[in-house]
Amino acid sequence: MSDSTWFTEQHEHSGSSIGFRVKQKLHSEKTPFQTIEIYDTTDWGKLMVIDGCMMVSSRDNFLYHEMMSHPALFTHARAKRVVIIGGGDCGTLREVLRHDEVEKAVQVEIDERVTRLAEKYFPELCEANDDPRAELLFIDGIKYMAECEPESLDLIIVDSTDPVGPAEGLFNAAFYTSCYKALRHGGILVQQSESPLVHLDLIKSMRVAMKSAGFQSAKTLNFPQPCYPTGWWSCTMVRKGADLAGFRERGAASKQFPTRYYNVDMHRAALAMPEFVREALGE
Ligand code: SAM
């Protein structure tokens with residue numbers, strides 16, 4: 001719902017809403033995949049909305065992008081080949097490419113218009129797009145993973161929209177089986193897994209589907225994200241052929257690049273499980 005001064009996203013599922021005060025709508029278009037809107041807000045910078053759901057604001061996207069990338073990259077011993085599924089705003093790609101050990105990062109976004117609008121309205125998120133290690137593809141991530149060379153990847157980051165529309169098939173066992181095959185031994189899959197407060201059933205079913213695809217231990221990491229439903233978000237990480245105990249704390253403590261949210265303490269904190277989540281996930 002929007003009026004002239006507020007963009008408000010209503011969440012039927014949780015009976016709640018989140019709103020940002022806006023100065024003006026800057027852009028709106030219907031692509032073959034979805035409707036994309038861009039707003040200029042009074043306090044949160046630019047805001048990208050897809051099919052009525054807030055995707056990225058200038059002010060708080062660092063929380064999500066840093067937590068979708070650095071915990072996985074500091075868990076893997078040396079991730080050389082990375083694939084990002086979705087993530088068309090390019091913020092996750094930028095964070096991944098801060099790691100010198102990454103030799104190649106492919107962003108597989110179904111909708112080229114998301115990236116073209118990010119280049120125009122969120123240029124800071126796209127500043128690594130010209131990095132020679134980056135490749136931007138505009139195809140369906142489900143098909144890309146199904147056809148991916150076996151045992152060729154170290155890390156897959158699924159930075160997708162909610163599990164409806166084009167992203168629905170990114171949350172099932174068939175997709176996770178493709179990811180499992182494409183990963184090398186010790187490879188990691190990390191996927192945005194919505195809000196633990198209202199989407200625990202989804203997190204549970206993702207973990208069951210990931211396990212059925214062959215993945216062993218799973219960790220769900222918590223972090224704040226004001227522009228997403230409830231303001232509390234998560235990502236779920238699984239690994240091929242190895243468990244997920246610990247991370248490279250010394251490497252994270254001596255990282256040679258700036259972050260605004262991620263550090264060793266926040267990484268440890270993100271791994272802590274609230275009691276109701278622990279119970280629901282049987283941990
Ligand atoms: N951070 C956001 C969130 O959690 O709501 C996600 C942002 S990112 C813009 C999500 C992207 O996933 C969108 O640009 C969308 O086009 C893309 N996407 C959805 N389904 C996809 C698919 N099957 N293959 C590749 N990209 C897909």
*For the residue pair Gln256 and Asp100, confirm or rule out a side-chain donor-acceptor distance under 3.5 Å.*
no
*Taking the six-membered ring where the residue is Trp, are the ring centres of Tyr176 and Phe171 under 6.0 Å apart?*
no
*Does the side chain of Asp111 pick up a donor-acceptor pair with the side chain of Gln34 at under 3.5 Å?*
yes
*Assess the pair Phe74 and Tyr262: is the distance between their ring centroids shorter than 6.0 Å?*
yes
*Is Arg94 reaching over with its side chain to a backbone N or O of Glu124, donor-acceptor style, under 3.5 angstrom?*
yes
*Centres of the Phe257 and His70 rings: under 6.0 Å?*
yes
*Ion pair present between Glu103 and Arg81, side-chain N to carboxylate O less than 4.0 angstrom?*
no
*Between Thr115 and Leu136, does a side chain to side chain contact (heavy atoms under 4.5 Å, CB included) hold up when you go through it step by step?*
CA-CA 9 Å; Thr115 298; Leu136 273 62; 3.9 Å; yes
*Would you call Glu29-Arg113 a salt bridge at under 4.0 Å N-O?*
yes
*Regarding Thr177 and Lys181, is there a side-chain donor-to-acceptor distance under 3.5 Å anywhere?*
no
*asked:* Go through it in stages, so that I can follow the logic: the residues are Asp154 and Arg184, the test is salt bridge (charged side-chain N to carboxylate O under 4.0 Å, His left out), and I'd like the CA-CA distance, side-chain angles, deciding distance and then a yes or no.
replied: CA-CA 6 Å; Asp154 299 307; Arg184 297 180 177 129; 3.0 Å; yes
*Please determine, by modelled atom types, if Ser17 and Thr8 share a side-chain donor-acceptor pair under 3.5 angstrom.*
no
*Quick one: do the Glu194 and Trp233 side chains pair a donor with an acceptor below 3.5 Å?*
no
_Within the 6.0 Å centroid threshold, strictly below: Tyr39 and His27_ = no
*asked:* In the structure I gave you, are the side-chain heavy atoms of Ile85 and Ser160 within less than 4.5 Å of one another anywhere?
replied: no
*Flag the pair Thr230 / His11 as yes when at least one side-chain heavy-atom distance between them is below 4.5 Å, and no otherwise.*
no
*Would you say the side-chain atoms of Ser234 and Asn222 include a donor-acceptor pair closer than 3.5 Å?*
no
*Do the two ring centres, one from His76 and one from Phe247, sit under 6.0 Å apart?*
no
*Quick one: are the ring centres of Tyr180 and Phe215 less than 6.0 Å apart?*
yes
*Do NZ/NE/NH1/NH2 and the carboxylate oxygens of Glu151 and Lys240 come within less than 4.0 Å?*
yes
*Does a side-chain N-to-carboxylate-O contact under 4.0 Å join Arg207 and Glu283?*
yes
